[in-house]
Amino acid sequence: MSKLTGDPTMRFQKELQLIVNEAMTESLIESKLSDYLVTDCPVKPLIYILPKIHKDYLNPPGRPIVSEHEKGLAAVDVVLSGSDVGPGRARLVLQLLEFILRRNYFLFGDDYYLQLRGTAMGSNVAPTHANIYMAVLEDQYVYASRFWPLVRAWWRYIDDIFVVWEGQIGELLEFHHELNSIYPELDFTVVYSRERVQFLDTMGLLYKLIFFAKSTDRNSLLQFNSHHPKKMVQSLPWSQMLRVRKIITDDSLLDIRLEEMCNKFLDRGYPYASVEEQKNRARATLRSDVRKKNVKVREKHIPFVSTYNTASGFMRNIILKHWHILQQGLPRIDEFTRPPLLSYKRGYNLKDKLVKSDVGPTSKKIFIKGRYTCTSSFVIYLITCPCGLTYVGETTMQIKACISKHKSTIRTKMMDLPIPKHFIESCHAISQLRFRVIDNVPPLRRGSDMVKLLKQKELGWISKLGSRHPGGLNVDYNLQLCAR
């Protein structure tokens with residue numbers, strides 16, 4: 001990675017806009033796709049790692065990534081050249097992919113970094129990019145290998161590969177060494193056995209499959225009293241029992257694994273009678289029936305999406321109770337003949353409050369003395385924006401009137417002032433403005449110039465907090481006030 005001198009968001013956004021504008025000019029994309037590719041208010045990415053503790057508990061590696069940009073782009077180019085995508089659109093796809101790979105930056109603490117190798121795992125393109133990379137590698141090297149005739153079966157899910165090998169173990173290890181010598185940045189690991197092999201959540205034995213759980217596995221089933229839609233919670237025991245029934249091929253082990261799953265649900269507070277019913281139902285189901293693909297006839301339902309909360313059940317009942325008004329009033333609209341599909345987004349929960357990818361600025365804590373309210377006057381205040389920049393100000397008014405004035409300048413887009421200029425250019429919402437009183441000038445018994453004292457304190461805090469431009473939002477200040 002490479003440390004950047006500042007926030008590159010706006011610069012990268014302009015680069016992307018040029019690529020998209022050129023594609024629009026050449027009629028390669030439509031305006032709807034253009035609006036999707038370039039957002040007015042981009043969110044700054046943060047770096048975090050999903051450790052693979054099942055591989056090494058003490059020194060867990062992070063998630064795997066395609067680590068070589070040039071080879072990844074070349075692989076996509078190979079696939080595009082063999083497809084029916086025209087040369088113009090193929091060039092655009094490669095341009096956009098290169099932009100994603102080479103403009104992959106992130107915020108860590110107070111600094112911005114450019115990722116020089118690897119694909120961001122949170123990117124929508126990452127799984128497809130990795131899949132294409134592996135597919136081209138297979139075509140060019142694996143299928144052409146002298147060891148390929150010894151491969152009875154080769155099944156890959158992105159970067160997890162299940163192989164049935166007909167040769168000797170020594171030949172398998174030679175094949176493994178050959179794969180690792182293709183690209184130095186790729187590291188294939190191999191786990192083999194003559195009797196059993198684990199793949200995802202299954203353990204394959206000779207002629208049978210059993211349920212498998214890693215040593216680091218914990219009972220993470222949803223609590224019965226969790227704040228989730230009740231139908232979702234009630235359906236979990238059946239879906240998990242059915243999953244056990246689908247995996248287990250040895251009926252002598254089925255009762256043991258179903259009982260284990262049953263105990264997991266009981267530990268999470270599920271009613272005994274309900275769990276037992278679903279366990280017995282799964283036991284009575286034939287594995288051949290479970291593995292059949294059910295062809296569902298999808299009917300058109302109007303989706304009604306809302307954030308799940310305590311009132312969601314009441315809202316659902318009200319909508320369904322009065323849906324007949326639409327059915328009777330607009331009978332020619334086919335979608336109204338059926339009730340809507342009520343779907344829910346996850347609401348803000350305790351985890352969101354306690355666990356944050358952005359740990360915030362790493363500067364030291366400064367303790368504030370004094371007690372202030374919204375009616376306090378002759379105070380020094382601190383405004384913080386979502387990207388961490390600060391502004392120190394002073395006011396002789398009540399602080400609530402001062403902050404209201406700041407919000408008004410953002411709302412009316414007064415671009416000659418530093419706070420509204422920054423908030424508008426960075427696409428911050430007014431609701432994201434955070435402020436606090438950090439100091440004041442109390443009434444003086446013998447009298448003095450309280451305004452001058454206030455401005456001197458303001459300059460002191462600007463220096464202490466480092467809020468001068470470009471490190472902060474303070475642009476205009478009078479250093480002559482420091483002279484006493």
Side-chain angles (χ1 to χ4, degrees), residues 1-19 37-52 59-73 94-126 129-130 133 183-187 355-366 382-392 418-419 421-428 432 434 462-475:
M1 65 183 70
S2 174
K3 187 175 180 180
L4 301 173
T5 56
D7 183 359
T9 304
M10 293 302 144
R11 175 163 57 90
F12 288 172
Q13 188 182 30
K14 289 178 182 178
E15 290 181 23
L16 178 60
Q17 186 70 66
L18 289 174
I19 296 173
L37 292 173
V38 183
T39 176
D40 292 332
C41 301
V43 178
K44 298 176 179 63
L46 300 167
I47 186 173
Y48 63 94
I49 293 175
L50 300 175
K52 304 178 78 171
N59 299 294
R63 284 291 176 188
I65 52 178
V66 176
S67 58
E68 192 63 46
H69 292 338
E70 295 298 338
K71 293 184 178 68
L73 289 167
L94 287 171
Q95 272 187 296
L96 292 173
L97 179 59
E98 185 172 13
F99 177 85
I100 292 171
L101 296 176
R102 301 193 188 282
R103 295 295 182 264
N104 181 20
Y105 75 103
F106 57 86
L107 173 65
F108 181 71
D110 303 327
D111 301 312
Y112 290 89
Y113 296 86
L114 186 68
Q115 185 173 338
L116 301 179
R117 299 179 63 188
T119 308
M121 291 302 293
S123 170
N124 291 337
V125 79
H129 181 222
Y133 183 81
Y183 296 140
E185 63 274 4
L186 275 185
D187 182 23
V355 182
K356 293 185 181 295
S357 300
D358 186 6
V359 296
T362 57
S363 54
K364 64 180 181 180
K365 291 183 178 180
I366 297 176
L382 174 70
I383 288 179
T384 307
C385 80
C387 56
L389 294 180
T390 56
Y391 174 89
V392 174
I419 291 180
K421 184 176 187 295
H422 174 74
F423 265 68
I424 292 166
E425 288 181 348
S426 301
C427 296
H428 299 329
Q432 293 178 297
R434 297 289 181 267
I462 289 173
S463 176
K464 190 173 185 178
L465 298 178
S467 64
R468 282 194 290 264
H469 182 77
L473 298 176
N474 283 100
V475 178

J.: Quick check for you: to the nearest 0.5 Å, what is the distance between D111 atom CG and D7 atom CG?
T.: 11.5 Å
J.: Would you please name every residue forming a side chain to side chain donor-acceptor pair (under 3.5 Å) with R103, sequence neighbours left out?
T.: E15
J.: Under the side chain to side chain donor-acceptor pair (under 3.5 Å) test, which residues partner Q13, sequence neighbours left out?
T.: none
J.: Output all residues satisfying side chain to side chain contact (heavy atoms under 4.5 Å, CB included) with L389, sequence neighbours left out; order by chain, then residue number.
T.: C385, C387, H422, L473
J.: Return the minimal non-hydrogen interatomic distance between L114 and R102, and the atom names on each side.
T.: CD1-O, 3.6 Å
J.: Any non-hydrogen side-chain atom of Y391 less than 4.5 Å from a side-chain atom of P418?
T.: yes
J.: Is it the case that K71 places NZ or CZ above or below the six-membered ring of Y133, under 6.0 angstrom from the centre and within 45 degrees of the axis?
T.: no
J.: Less than 4.5 Å apart, any side-chain heavy atom of L465 and any of V392?
T.: yes
J.: Please determine whether side-chain contact (heavy atoms from CB on, under 4.5 Å) holds for the pair I383 and I419, giving the CA-CA distance in whole Å, both sets of side-chain angles, and the decisive distance to 0.1 Å.
T.: CA-CA 9 Å; I383 288 179; I419 291 180; 3.6 Å; yes
J.: Nearest 0.5 angstrom please: Y112 OH to T5 OG1, how far?
T.: 11.5 Å
J.: Roughly how far, to the nearest 0.5 Å, is the CG atom of L16 from the CG atom of L96?
T.: 7.0 Å
J.: Taking all non-hydrogen atoms of both residues into account, name the closest pair between G72 and H129 and its distance.
T.: CA-NE2, 3.4 Å
J.: List in chain and number order the residues that pass side chain to side chain donor-acceptor pair (under 3.5 Å) with S467, two or more places apart in sequence or in another chain; answer none if no residue qualifies.
T.: N474
J.: To the nearest 0.5 Å, what is the distance between CG on L18 and CD on Q95?
T.: 10.5 Å
J.: What residues, two or more places apart in sequence or in another chain, satisfy side chain to side chain contact (heavy atoms under 4.5 Å, CB included) together with K14?
T.: none
J.: Which heavy-atom pair separates L73 from L94 by the least distance, and what is that distance?
T.: O-CD2, 3.7 Å
J.: Please report the shortest heavy-atom distance between N104 and I100, naming the atom on each side.
T.: CB-O, 3.4 Å
J.: Contact between I19 and F99 at the side-chain level, heavy atoms closer than 4.5 Å - yes or no?
T.: yes
J.: Using the ring-ring contact (aromatic ring centres under 6.0 Å, His included) criterion, which residues pair with F12? Sequence neighbours excluded.
T.: Y105
J.: Start with the C-alpha gap between R468 and S463, add the side-chain angles, then the distance that decides, and say whether side-chain contact (heavy atoms from CB on, under 4.5 Å) holds.
T.: CA-CA 7 Å; R468 282 194 290 264; S463 176; 4.1 Å; yes
